[in-house]
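All remarks here apply to the structure that follows.
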Amino acid sequence: MRWSQAFIPTLRDDPAEAEAVSHRLLVRAAFIRQLMAGVYTLLPLAYRSRRKIQQVIEQEIDAIGGQEFLFPSLHPAEIWRKSGRLDIMGEEMFRLFDRKSGEVVLGMTHEEIFTTIATEITSYKQLPQLWYQIHTKFRDEPRPKSGLLRVREFTMKDSYSFDLDQEGLDKAFDDHYHAYSRIFARIGLDAIPVEASSGAMGGSGSVEFMVRAEAGEDLVAHCSNCGYAANVERAMSKVAPIVDEVGPDGPERFATPGVRTIEDLVDFPGGAEASRQIKTLVYVLDGEPTLVLLRGDHPLQEQKLQDRTGAVDLRPAHPDEIAELLGADAGSLGAVGVLGVRIVADEALRGRTNMTTGANENEFHLRGVSIERDIDVGDWLDLREVEAGETCIDCDESIEVFRAIECGHIFKLGTKYSEPLGAVVLDEHGQTRPIYMGSYGIGLERNLAAVVETHYDEKGIAWPVTVAPYEAVVTVLKLDDTTVAAAERIYEDLGAAGIDVLIDDRDERPGVKFNDAELIGIPYRVTVGPRGLAEGIVEINHRASGTTDEVSVTEAVLHLVARIERERL
RNA sequence: CGGGCUGUAGCGCAGUUUGGCAGCGCACCUGCUUUGGGAGCAGGGGGUCGCCGGUUCAAAUCCGGCCAGCCCGACCA
């Protein structure tokens, strides 16, 4: 490609609205343009890079036996109703009506649609099957943000495995785990597999592939000693045991004027330190008010509450609901003596005695509370969110918590979709059995952005060769006949050697060309100028390291081809 | 959905307080000079000032309504 003919509208200034590094650089370096919130046009550079990611994915999924399909984006709402997810997905699903007033939705994932085809699998002899597609997903995100990191229309590689039993599913899951690890490694992402919540997907287990980045929206708890890694939506840690005094025979009520928060009570004379308080939160789980108890200094992890209780719909109770239920306002709530209301408590509270909590009367608290004696706990659950510095659940080192981008997610679905949608086979005994399914997703544009988030410097992007829109650029420093002829020769030879190469033949000053090449992040630059040619050399500059090698004109192409091929993975 | 901020040329912004010619830088076009790290000079093109309505002799500017976008939170495979 000739730069003079290419549409690469780089910007001199940072776009004002872009905050995340990848958003800022992808706009400035002429990869993307926004059409509306969460919807982006991929310009030719981005499309080239995305295609390279796509090729890596196809190679690796094909390698584990994947068969590529193309499924529609328009789905009848009916099929989503059948699986029960039409309501669960709520407003995140784009909905429309066709001319016959038929209700139609845009696909946000494809379990249901793949499963309808899978109903044509009728015998265990046809299993296992591994099907996938690379296609557009539509999700009406409440808050699209950070450029390509969270959008409303994007490309996903989604695969679905179909097996006779759990053992088969475990293998398909394992195959994907390794394929994903290879995919991320090849595109230059240091992705950490972490235990994850299955959320709205359901199923028995899931692993997310997380890339550490400031712009990430997830939090990962990680132990560098033993390698334990989990999304904080699931992560566990050890709590140092607390030795309580036995305390009085029963709770003692005392006045706490002005106390509204855990902190207030810590400072209040006769109060208690946070770890000796019981925090009482009121949630509404599928319409049922529920008291959620945690140690005073432990934050609730809402996803855990949802996962552990199986609630579909979960929200904090409104102030008036709280007052009606307990007769007091937030700040003076407690579970002592509360009957007929579901109470769940965090494991860290088990066995604790002589604690302090609200009395369900404004500005009064109770001290001397022994949890198991005084509170009718229905379920003991792991509900608290781990924090950096706590002790690893698997060893005794302390864990760190960092922000990360979810670059891939693999799920064991079991029979969650095959049963309601009737995807069954006859086994060798002639018995009808639902197919065991797994589903596995990678968001292509998000991965593109994640690569930028982890490969940039003050000059711009520094793509790995595997994802770069062009592997090399030949920069022509002066448009005189000799220089142009030498540069064209190198450009032709690189192209003939199978290198994705761009020649910067624009009538611009060298500084402009250097800056643009560095901004868009082309891994290698061959600088061809009269000064070097006079000595028979050209320069080969490596974007990521900034190093420059002088190579003779005759050896330049071979030298560069060897280096690029080494990095292609 | 709640809070904060912003909509003026392709990009970055000033002008809005106090109503009175729609401006600046970059980018773009032409010419000349220049040419190893975002050139200089001269000339030029490009605008429903987010949209609708109101006030006024006159609205980018004041008033009302709406829309869009960004950030924080809620939410979210």
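For the numbers below, each heavy atom of this structure counts, side chains included, while hydrogens, waters and symmetry mates do not. Throughout, protein chains are lettered first and strands after them, A, B, ... in sequence-line order, and every chain is numbered starting at 1.
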- Query: Does a salt bridge link Arg152(A) with Glu141(A), judged by any charged N lying under 4.0 Å from a carboxylate O?
  - Reply: no
- Item | C1' atoms of A39(B) and U34(B), separation to the nearest Å | 7 Å
- Message: How many whole angstroms separate atom CD of Glu91(A) from atom C1' of C75(B)?
- Response: 10 Å
- Same-atom distance (P) from G40(B) to C1(B), integer angstrom: 49 Å
- Query: Using a cut-off of 4.0 Å on non-hydrogen atoms, how would the nucleic acid contact of Gly532(A) be classed: base, sugar-phosphate, or nothing?
  - Reply: base
- Query: Of Leu477(A), Ile490(A), Val484(A), which meets side-chain contact (heavy atoms from CB on, under 4.5 Å) against Val528(A)?
  - Reply: Ile490(A)
- Query: Which residue, Leu533(A) or Glu208(A), contacts RNA chain B at a nucleotide closer to its 5' end, judged by nearest heavy atom?
  - Reply: Leu533(A)
- Query: Does the distance from a Lys or Arg side-chain N to an Asp or Glu carboxylate O, for Lys304(A) and Glu385(A), drop under 4.0 Å?
  - Reply: no
- Query: Any idea which of G38(B), G36(B), G37(B) is nearest the Pro510(A) side chain?
  - Reply: G36(B)
- Partner of C28(B) by Watson-Crick or G-U wobble geometry, both contacts under 3.5 Å, or none? G44(B)
- Checking all strands, does Lys513(A) fall into the base, sugar-phosphate, or nothing category for heavy-atom contacts under 4.0 angstrom? nothing
- Query: Considering every strand shown, what is the Watson-Crick or G-U wobble mate of A60(B) when both distances are under 3.5 Å?
  - Reply: none
- Query: Does any donor-acceptor pair link the side chain of Arg139(A) with the base of C76(B) at a separation under 3.5 Å?
  - Reply: no
- The nucleotide from C71(B), C76(B), G36(B) with an atom nearest the side chain of Glu19(A) is C71(B)
- Task: Mind checking Glu233(A) for me? I need base, sugar-phosphate or nothing, with any heavy atom below 4.0 Å counting as a touch.
- Result: nothing
- How far does the C1' atom of G10(B) sit from the matching atom of C5(B), given to the nearest Å? 24 Å
- Query: Counting any heavy atom closer than 4.0 Å, what does Asp516(A) reach on the DNA or RNA strands: base, sugar-phosphate only, or nothing?
  - Reply: base
- In whole Å, what separates the C1' atom of C62(B) from that of U56(B)? 10 Å
- Message: OP1 or OP2 of A39(B) versus the side-chain N and O atoms of Arg509(A): is any pair under 4.0 Å?
- Response: yes
- Task: Could you measure between the two P atoms, the one in C24(B) and the one in C66(B), and give it in whole Å?
- Result: 36 Å
- Determine the contact category for Ser146(A): base if any of its heavy atoms lies under 4.0 Å from a base atom, sugar-phosphate if only primed atoms, P, OP1 or OP2 are that close, otherwise nothing. sugar-phosphate
- Task: Report yes if a donor N or O on one partner sits less than 3.5 Å from an acceptor N or O on the other, where the partners are the side chain of Gln34(A) and the base of G69(B); otherwise report no.
- Result: no
- Quantified in whole Å, what is the C1' atom distance between nucleotide A60(B) and nucleotide U18(B)? 15 Å
- Task: Consider the side chain of Val512(A), meaning its heavy atoms from C-beta on, and name the nucleotide among C71(B), A39(B), G12(B) that approaches it most closely.
- Result: A39(B)
- Query: Rounded to the Å, how far apart are Lys145(A) NZ and C70(B) P?
  - Reply: 11 Å
- Remember a base hit wins even if backbone is also touched, and classify Arg315(A) as base, sugar-phosphate or nothing at under 4.0 Å, heavy atoms. nothing
- Task: Answer yes when Lys171(A) and Asp163(A) have at least one side-chain N-carboxylate O distance shorter than 4.0 Å, and no when they do not.
- Result: no
- Task: Starting at atom CD of Glu17(A), determine the distance to atom P of G50(B), rounded to an integer number of angstrom.
- Result: 14 Å
- Selected nucleotide, minimal atom distance to Phe514(A) side chain, candidates G69(B), G36(B), G37(B): G37(B)
- Glu518(A) (side chain) and G37(B) (base): donor-acceptor pair under 3.5 Å: yes
- Please measure how far the C1' atom in A68(B) lies from the corresponding atom in C49(B), and state the result in whole Å. 15 Å
- Base paired to U35(B) (Watson-Crick or G-U; both N/O distances under 3.5 angstrom): none
- With a non-hydrogen cut-off below 4.0 angstrom, is Arg525(A) in contact with a base, only sugar-phosphate, or nothing? base
- Glu406(A) near the nucleic acid: base, sugar-phosphate alone, or nothing, with a heavy-atom cut-off under 4.0 Å? sugar-phosphate
- Query: Any salt bridge between Arg81(A) and Glu103(A), counting N to O under 4.0 Å?
  - Reply: yes
- Between Glu217(A) and Arg403(A), is the closest basic N to carboxylate O distance under 4.0 Å? no
- Could you tell me whether the phosphate oxygens of C75(B), OP1 or OP2, come under 4.0 Å of any side-chain nitrogen or oxygen in Arg143(A)? no
- Note on the structure: Which of C75(B), G36(B), C76(B) is nearest the side chain of Arg531(A)? It is G36(B)
- Query: Which listed nucleotide (C26(B), G25(B), G36(B)) is nearest to the side chain of Arg12(A)?
  - Reply: C26(B)
- Contact class for Pro15(A) (heavy atom, under 4.0 Å): base, sugar-phosphate, or nothing? sugar-phosphate
- Task: State plainly whether the residues Arg234(A) and Glu195(A) are in salt-bridge range, i.e. N to O under 4.0 Å.
- Result: yes
- Message: Please report the distance separating the P of U55(B) from the corresponding atom of U61(B), rounded so that it comes out in whole Å.
- Response: 15 Å
- For the side chain of Ala16(A), starting at C-beta, report the closest nucleotide among G69(B), G37(B), C13(B). C13(B)
- Item | Check: Phe71(A) ring centroid to Phe114(A) ring centroid under 6.0 Å | yes
- Could you say whether Leu11(A) or Gly441(A) is positioned toward the 5' end of RNA chain B, judged by the nucleotide with the nearest heavy atom to each? Leu11(A)
